[in-house]
Amino acid sequence: MSKVIVLGSKGFIASNIIKKLKEKRYKFSSYSKKSINLENLSNAKKLAKIILKDDEIIFTSAVAPAKNIHDFKKNINMVINFSKVLNNLEFKKLIYISSDAIYSDSKKPLKEVSKKCPDNWHGLMHLVRENILKRSFNKKKLVIVRPTLVYGKGDTHSGYGPNLFIKRAKKNKNIVLFGNGEELRDHIWINNLSEIIVMLLKKQISGEFNICTSKLISFRNIANIVAKKFKNKIENKKRIGKMPHNGYRPISNQKLLKIFPKYKFADIRNVINNNY
């Protein structure tokens with residue numbers, strides 16, 4: 001019988017994908033770095049005994065966020081070793097979890113075909129990984145998804161935004177905003193992201209897809225929602241350096257909605273008020 005194989009099972013996104021697979025009663029196997037370390041080629045070769053020709057693979061393994069050249073190198077080595085092993089194997093589909101960080105900044109909504117010239121290690125890492133996979137495997141078997149900023153329970157990165165704001169609020173600490181918190185960004189709930197990835201398993205499709213709501217909200221508005229719920233204060237911290245993405249990062253999900261036209265994304269206000 002075919003199965004789904006999840007690589008990087010201990011990560012925030014992977015652990016939520018696994019929950020969805022259980023809900024939908026998929027047959028699956030999941031592997032963490034401890035069981036299969038893709039940084040080591042001899043260790044990666046374990047996949048040869050696991051993957052069968054009708055299996056679908058969800059690749060989330062990464063040192064993330066990649067902050068420096070050392071993180072970059074580790075991540076690229078993972079994909080190189082993965083590709084070397086799978087070049088000699090048959091499989092049904094590969095879903096790679098990338099990031100919208102690969103795109104250059106733009107005042108227009110970023111589409112899958114938009115310019116890709118990232119100015120940070122994390123974006124560059126994912127872009128190089130994508131290109132290695134495209135050149136290593138049949139494109140008809142490859143699905144690349146590019147989530148925008150992900151939020152939800154269980155995130156260990158505590159990145160600036162809802163995850164960090166809620167974490168501080170729960171500890172009765174002030175919510176800290178850089179500048180006035182005026183940056184406009186797209187945020188997707190982890191439940192929506194993991195649900196869409198599992199839905200893609202059923203579709204006979206390939207290609208690249210943004211996973212986002214296509215709705216922008218400022219960090220100030222998110223902070224207000226969190227502060228109101230937890231009754232915390234907001235403090236402003238002087239910004240040092242340039243505002244990321246010039247404070248504006250619109251992303252298009254139109255390609256995804258052509259496949260799932262009835263899909264409804266959760267509103268961030270409702271998620272924060274009803275799930276924490």
Side-chain angles (χ1 to χ4, degrees), residues 11-13 16 64-67 97-111 114 118-124 126 145-194 196 210-253 264-276:
F12 175 48
I13 293 176
N16 280 274
K67 297 180 179 180
I97 315 300
S98 184
S99 169
D100 76 326
I102 70 165
Y103 295 116
S104 304
D105 290 331
S106 173
K107 292 182 179 180
K108 295 181 179 180
L110 295 165
K111 298 180 180 180
S114 294
D119 62 357
N120 58 78
W121 285 112
H122 188 69
L124 182 61
H126 276 298
V145 297
R146 298 177 184 135
T148 185
L149 297 176
V150 185
Y151 70 97
K153 287 184 177 179
D155 175 40
T156 57
H157 298 131
S158 297
Y160 180 68
N163 293 326
L164 180 59
F165 297 167
I166 292 169
K167 184 177 181 178
R168 290 185 64 86
K170 283 185 172 181
K171 293 181 178 180
N172 294 318
K173 295 182 178 180
N174 288 350
I175 298 166
V176 179
L177 286 175
F178 292 117
N180 293 314
E182 67 270 41
E183 295 171 61
L184 292 167
R185 298 293 297 274
D186 195 327
H187 294 75
I188 186 164
W189 187 28
I190 184 61
N191 286 31
N192 288 150
L193 173 58
S194 55
I196 289 170
N210 293 336
I211 302 187
C212 57
T213 67
S214 282
K215 293 182 179 179
L216 297 177
I217 184 171
S218 71
F219 287 104
R220 164 65 67 178
N221 284 343
I222 295 172
N224 287 338
I225 295 168
V226 175
K228 184 176 181 180
K229 176 177 175 61
F230 292 95
K231 299 183 176 11
N232 288 80
K233 293 182 179 180
I234 298 172
E235 65 177 84
N236 295 80
K237 186 176 181 180
K238 185 177 180 180
R239 187 186 302 279
I240 299 175
K242 183 181 177 182
M243 184 185 298
H245 308 296
N246 298 313
Y248 188 66
R249 186 80 167 167
I251 308 175
S252 170
N253 62 9
K264 301 295 182 184
F265 292 93
D267 179 78
I268 192 169
R269 182 183 300 273
N270 293 335
V271 173
I272 291 173
N273 286 329
N274 298 321
N275 290 275
Y276 292 91

Can you give me the closest heavy-atom contact between [X] and [Y], atom names plus distance?
X	Y	answer
A101	P118	O-CB, 3.4 Å
F165	V226	O-CG1, 3.8 Å
A266	N192	N-OD1, 2.9 Å
P65	H122	CA-ND1, 3.5 Å
P109	S114	O-OG, 4.3 Å
P147	S98	CD-O, 3.2 Å

I need the [X] [atom1] to [Y] [atom2] distance, nearest 0.5 Å.
X	Y	atom1	atom2	result
K228	K231	NZ	NZ	9.0 Å
L177	E182	CG	CD	9.0 Å
N120	H126	CG	NE2	10.0 Å
N210	D100	CG	CG	7.5 Å
R146	L110	CZ	CG	10.5 Å
L184	N221	CG	CG	8.5 Å

Do side-chain atoms of [X] reach the backbone of [Y] as a donor and acceptor pair under 3.5 angstrom?
X	Y	value
Y160	F178	yes
N232	A227	no
N163	G159	no
T148	D186	yes
D155	H157	yes

Between R220 and N236, is there a side-chain donor-acceptor contact under 3.5 Å, judged purely by atom types and distance?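 Yes, a side-chain donor-acceptor pair sits under 3.5 Å.
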Who passes ring-ring contact (aromatic ring centres under 6.0 Å, His included) against Y103, sequence neighbours left out?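 Testing Y103 for ring-ring contact (aromatic ring centres under 6.0 Å, His included), a comparison that skips the adjacent residues, returns none.
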Please determine if E183 and R239 form a salt bridge, counting it only when a charged side-chain N lies under 4.0 Å from a carboxylate O.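 Yes.
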Above 12 or not: heavy atoms from other molecules or residues under 6.0 Å from NZ of K229?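 Atom NZ in K229 is packed in, count exceeds 12.
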Taking it one step at a time, do I217 and I222 satisfy side-chain contact (heavy atoms from CB on, under 4.5 Å)? CA-CA 7 Å; I217 184 171; I222 295 172; 3.8 Å; yes
Which one of I268, I190, I188 satisfies the side chain to side chain contact (heavy atoms under 4.5 Å, CB included) criterion with Y151?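 Exactly one pass, corresponding to I268.
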Could you tell me if the ring centre of H187 sits under 6.0 Å from that of F265?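 No, too far apart.
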pair I166-F230: side-chain heavy atoms closer than 4.5 Å: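 Yes, their side chains come closer than 4.5 Å.
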Heavy-atom side-chain proximity of P250 to L216 below 4.5 angstrom: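 They are in contact (side-chain heavy atoms under 4.5 Å apart), so the answer is yes.
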